[in-house]
Amino acid sequence: MQGVFDPGAHDLQTPANPISQFFAKFQYAGNVPWEVEVLFASTARHEARSEGITQTKELVPMRYQVAYYFMITDPVKFINAVQFSGFKYTVEDFKNYVSPIVDQAVSQVLNLVSLNEVYANLHKVTDAVTASLRSFLDEVGVHLITCRIVRLEPEDETMRRVVQFMALGLDVNTAIRLGSRR
């Protein structure tokens with residue numbers, strides 16, 4: 001990486017820019033034998049959503065979705081640390097890159113929590129995901145702005161209804177009877 005430019009148009013042919021200065025050190029009279037690539041990294045605010053399935057202490061499958069907002073603060077570090085296939089870096093590629101970290105953080109908390117306590121411990125899930133993401137993203141030149149759990153629910157529709165009835169204050173047996181009716 002030979003130069004980072006601020007947003008805007010730049011003429012790479014003038015000898016005053018870092019790229020031209022780099023090639024001027026060699027004596028190729030403008031006929032450089034290498035290909036030069038210009039990479040663009042947006043430093044705007046981006047949103048990504050990672051989703052997956054984990055389980056509670058009782059092995060009840062739970063579907064989750066986490067939204068996180070980030071911005072690239074060090075493009076050189078980011079481009080050198082994060083390598084995707086293809087010719088461009090997209091938010092979707094970045095989401096796929098970060099999803100295993102989100103999954104591990106969500107699972108570390110939910111695997112130790114019973115179904116009755118899932119929603120009472122939602123702040124622990126958010127805190128765990130935020131801490132894991134912040135630690136990892138700082139290493140690759142990305143600033144995590146915020147992170148939140150968008151969805152957390154049992155994967156099974158009947159189990160979802162049972163949990164909803166329990167949240168209304170019904171005892172477990174009544175919630176199961178009502179939840180299993182269609």
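All values reported here derive from a predicted model rather than from experimental measurement. In this chain, numbering begins with 1 at the start of the sequence shown.
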Which atom of Ala81 lies closest to which atom of Tyr97, heavy atoms considered: O-OH, 3.9 Å

Quick one: closest heavy-atom pair of Leu133 and Val98, and the distance? CD2-CG1, 3.0 Å

Once salt bridge (Lys or Arg N to Asp or Glu O under 4.0 Å) is applied, what residue pairs with a partner in residues 121-147 remain, sequence neighbours excluded? none

What distance separates Cys147 SG from Ile145 CD1, expressed to the nearest 0.5 Å? 12.0 Å

Among His46, Lys95, Arg49, Glu47, which one satisfies side chain to side chain contact (heavy atoms under 4.5 Å, CB included) with Tyr68? Lys95

Thr126 OG1 to Leu152 CG distance, which is reported to the nearest 0.5 Å: 9.0 Å

For side chain to side chain donor-acceptor pair (under 3.5 Å), just list the numbers for Thr90 and Glu92, CA-CA rounded to whole Å, side-chain angles, deciding distance to a tenth of an Å, and then say yes or no. CA-CA 5 Å; Thr90 65; Glu92 182 68 21; over 6 Å; no

Least distance between heavy atoms, Ala128 atom then Val109 atom: CB-CG2, 3.6 Å

We want to know whether Tyr64 and Thr54 form a side-chain donor-acceptor pair, criterion being a heavy-atom distance below 3.5 angstrom. no

Which atom pair, heavy atoms only, marks the closest approach of Val118 to Thr56? CG2-CG2, 3.7 Å

Side chain to side chain contact (heavy atoms under 4.5 Å, CB included) assessment of Arg63 paired with Arg151: CA-CA 7 Å; Arg63 181 178 294 135; Arg151 184 174 77 189; 2.7 Å; yes

Rounded to the nearest 0.5 Å, what separation is found between the NE2 atom of His143 and the OG1 atom of Thr43? 12.5 Å

Quick check: does any side chain N or O of Asn80 sit under 3.5 Å from a backbone N or O of Val76, one acting as donor and the other as acceptor? yes

Glu58 versus Ser114, closest heavy-atom pair with distance: OE2-CB, 2.8 Å

Starting at CG of Asp74, measure out to CD1 of Ile72 and round the result to the nearest 0.5 Å. 10.0 Å

Within the structure provided, determine whether Val142 and Phe94 are in side-chain contact (heavy-atom separation under 4.5 Å). yes

CG (Leu115) and CG (Leu110) are apart, to the nearest 0.5 Å, by 10.0 Å

Quick check: do Val106 and Val125 have side-chain heavy atoms less than 4.5 Å from each other? yes

Rounded distance [0.5 Å steps], CD in Glu153 versus CD in Glu155: 9.5 Å

